[in-house]
J.: 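One structure coming up, written as structure tokens, with questions to follow.
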Protein chains: 2
Amino acid sequence: MTSDERSDGSARPGRAGRRSGHAEPYTLASLVEVAARAFNERGYDATSMEDLSRAAGITKSSFYHHVSGKEALLRAALDRALDGLFGILAEPGASAGAPVDRLRHIVRRQVEVLATELPYVTLLLRLHGNTETERWALARRREFDQTIARLVADVRSDVDPVVAARLLSGTVNSLIEWYRPGRVPVAELVEAVDRQVFEGLLR
Amino acid sequence: MTSDERSDGSARPGRAGRRSGHAEPYTLASLVEVAARAFNERGYDATSMEDLSRAAGITKSSFYHHVSGKEALLRAALDRALDGLFGILAEPGASAGAPVDRLRHIVRRQVEVLATELPYVTLLLRLHGNTETERWALARRREFDQTIARLVADVRSDVDPVVAARLLSGTVNSLIEWYRPGRVPVAELVEAVDRQVFEGLLR
DNA sequence: GTGCACCGAACGATCGTTCGGTCGGACGCG
DNA sequence: CGCGTCCGACCGAACGATCGTTCGGTGCAC
């Protein structure tokens, strides 16, 4: 973390000597991925454009040739996270069937999306609402959570549905705090969350 | 959020005109509370010393008369959070009895500490490890989590204890994302978490 | 020759922190 | 009591550093 960044070698086009023509350009998506990873490691505000450009392998001014600014990178990353989450609600399993089955489907798919879109969802879940972009993303996220809350209310009307839904979302979302791809297979993770959420620690 | 901060009137000594003597000095604890609240609202890096001093009701230079710097405020707040959490482990109910009872005691008390020390614990749970202070706090926090993980392994050896412990901590810690004092009584919150953690959503 | 990827240098703004100074109440002393 | 001194709370102004962003220019590929 002192200098010579980019501890993981991914998402870095092959321009080892600036020779050999264009050689795979920096796409917006690849730079957003680099940015999302850096934002998660140090936090959005603590990550400078110098950090990002160094992680991408070019200078700060060159970096601005590909992206319009810091906040645009954040918005693109949040967009990707929200698209993944709302995509779940558009699936047949989320709208058809008994409420408990729909809830179960959403929870399991949400675990999968969290795992596959980890850097982007992590950013979404750590927002503060400082800028208009962040407030917009937070509003969409609340929309998603409320859909789940209504389902929880249908499944369990005896306990406080609001509190139960918050705890459910908290359990699922807490994956971003520790899950890293590769260690635990996603399918295994889905089963673990499903069991703990619906059956609890005491069977 | 544009200007004229301090939306909540607490923690502000009565020096309405600078007249009338000393009139309750700014204690370190009261300034740490102000700082912790501000850090949580905007994030540590996005909160300037100007923000903090304005929230305290004095100028930035006066603020430095009472505190040694920004990072010292963070450390004091993290200290308070960690003291609260490790205090739980020192209680008799955390070390005596069957593992399941000890786990239950810790979980219930942890909910109470999270609720009462909300701003400080929130800060602790959102660290990035950018500075030495943050890394020290994260190390202590891992220590606390591992104690719980060992207990979970004693209670449930059939499921992956590591994953189960992470999900348990995630569920409890997710309180900081939505719980605000006053809305839901702490006792009620304790019962809701206990039931959901140990019995699950399906009874 | 035209255009695009890239770069160094600099912009104004804002950051955390420091410094010199003002003001008023507390206090020692005759 | 009156008075000189002191000290802590407070402030405006400025420090160097770093931030996000812009600009003019260079060089290679086509």
Side-chain angles (χ1 to χ4, degrees), chain A residues 1-3 5 12-28 30-32 34-35 38-39 42-77 128 130-134, chain B residues 1-3 5 11-28 30-32 34-35 38-39 42-77 130-134:
Chain A
M1 208 169 291
T2 54
S3 63
E5 294 286 338
R12 206 279 192 107
R15 50 167 295 291
R18 196 200 296 102
R19 299 172 283 97
S20 78
H22 33 66
E24 301 182 36
Y26 292 95
T27 68
L28 178 62
S30 75
L31 293 180
V32 169
V34 167
F39 289 159
R42 289 176 275 256
Y44 177 74
D45 289 290
T47 305
S48 68
M49 293 299 275
E50 184 86 45
D51 292 331
L52 297 182
S53 60
R54 199 183 308 127
I58 50 182
T59 63
K60 193 164 58 158
S61 44
S62 300
F63 194 75
Y64 268 95
H65 183 73
H66 299 280
V67 302
S68 62
K70 193 180 183 184
E71 195 169 356
L73 285 168
L74 178 62
R75 175 175 257 271
H128 286 286
N130 291 340
T131 66
E132 199 53 52
T133 295
E134 298 190 19
Chain B
M1 206 171 292
T2 54
S3 64
E5 294 288 336
R12 206 280 190 107
R15 51 166 294 290
R18 196 200 295 103
R19 297 174 284 97
S20 77
H22 34 66
E24 300 183 35
Y26 291 95
T27 69
L28 178 62
S30 74
L31 293 180
V32 169
V34 167
F39 288 159
R42 288 177 277 257
Y44 176 75
D45 288 290
T47 304
S48 68
M49 293 299 274
E50 184 87 45
D51 291 331
L52 296 182
S53 59
R54 200 182 308 127
I58 51 183
T59 64
K60 192 165 58 157
S61 45
S62 299
F63 195 75
Y64 269 95
H65 183 72
H66 299 281
V67 303
S68 62
K70 193 181 182 183
E71 194 169 356
L73 286 168
L74 178 62
R75 174 175 257 271
N130 291 341
T131 68
E132 200 51 55
T133 295
E134 297 189 19

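Lettering follows sequence order; numbering is per chain, from 1.
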J.: Can you measure from CG (A:Leu31) to CG (A:Leu52) and round to the nearest 0.5 angstrom?
T.: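 Here the rounded value is 9.0 Å.
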J.: Just to verify, what does A:Ala46 make a side-chain contact (heavy atoms from CB on, under 4.5 Å) with, not counting sequence neighbours?
T.: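 For A:Ala46 the side-chain contact (heavy atoms from CB on, under 4.5 Å) partners, ignoring immediate neighbours, are A:Arg42, B:Asp45, B:Asn130.
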J.: Any side-chain N or O of A:His65 under 4.0 Å from OP1/OP2 of C:dC6?
T.: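 So the side chain of A:His65 is outside the cut-off, no N or O lying under 4.0 Å from OP1 or OP2 of C:dC6.
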J.: Which letter, B, S or -, goes with each nucleotide of nucleotides 11-22 of chain C from 5' to 3', with contact meaning a protein heavy atom under 4.0 Å?
T.: ----SBBBB---
J.: What's the verdict on side-chain contact (heavy atoms from CB on, under 4.5 Å) for A:Tyr44 and A:His128, showing C-alpha distance, side-chain angles and the deciding distance?
T.: CA-CA 10 Å; A:Tyr44 177 74; A:His128 286 286; over 6 Å; no
J.: For residues 57-66 of chain B, tabulate all N or O donor-acceptor pairs below 3.5 Å that involve a side-chain atom, not counting sequence neighbours.
T.:
unit_1  : atom_1 : unit_2  : atom_2 : d
B:Thr59 : OG1    : B:Ser61 : OG     : 3.4
B:Thr59 : OG1    : B:Ser62 : N      : 3.3
B:Thr59 : OG1    : B:Ser62 : OG     : 3.0

J.: Is the phosphate of D:dC11 approached by B:Ser62 (side-chain N or O, under 4.0 Å from OP1 or OP2)?
T.: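 Checking B:Ser62 against D:dC11: at least one side-chain N or O falls below 4.0 Å of OP1 or OP2.
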J.: Which value, rounded to the nearest 0.5 Å, describes the distance between A:Arg75 atom CZ and A:Glu132 atom CD?
T.: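 Those atoms lie 9.0 Å apart.
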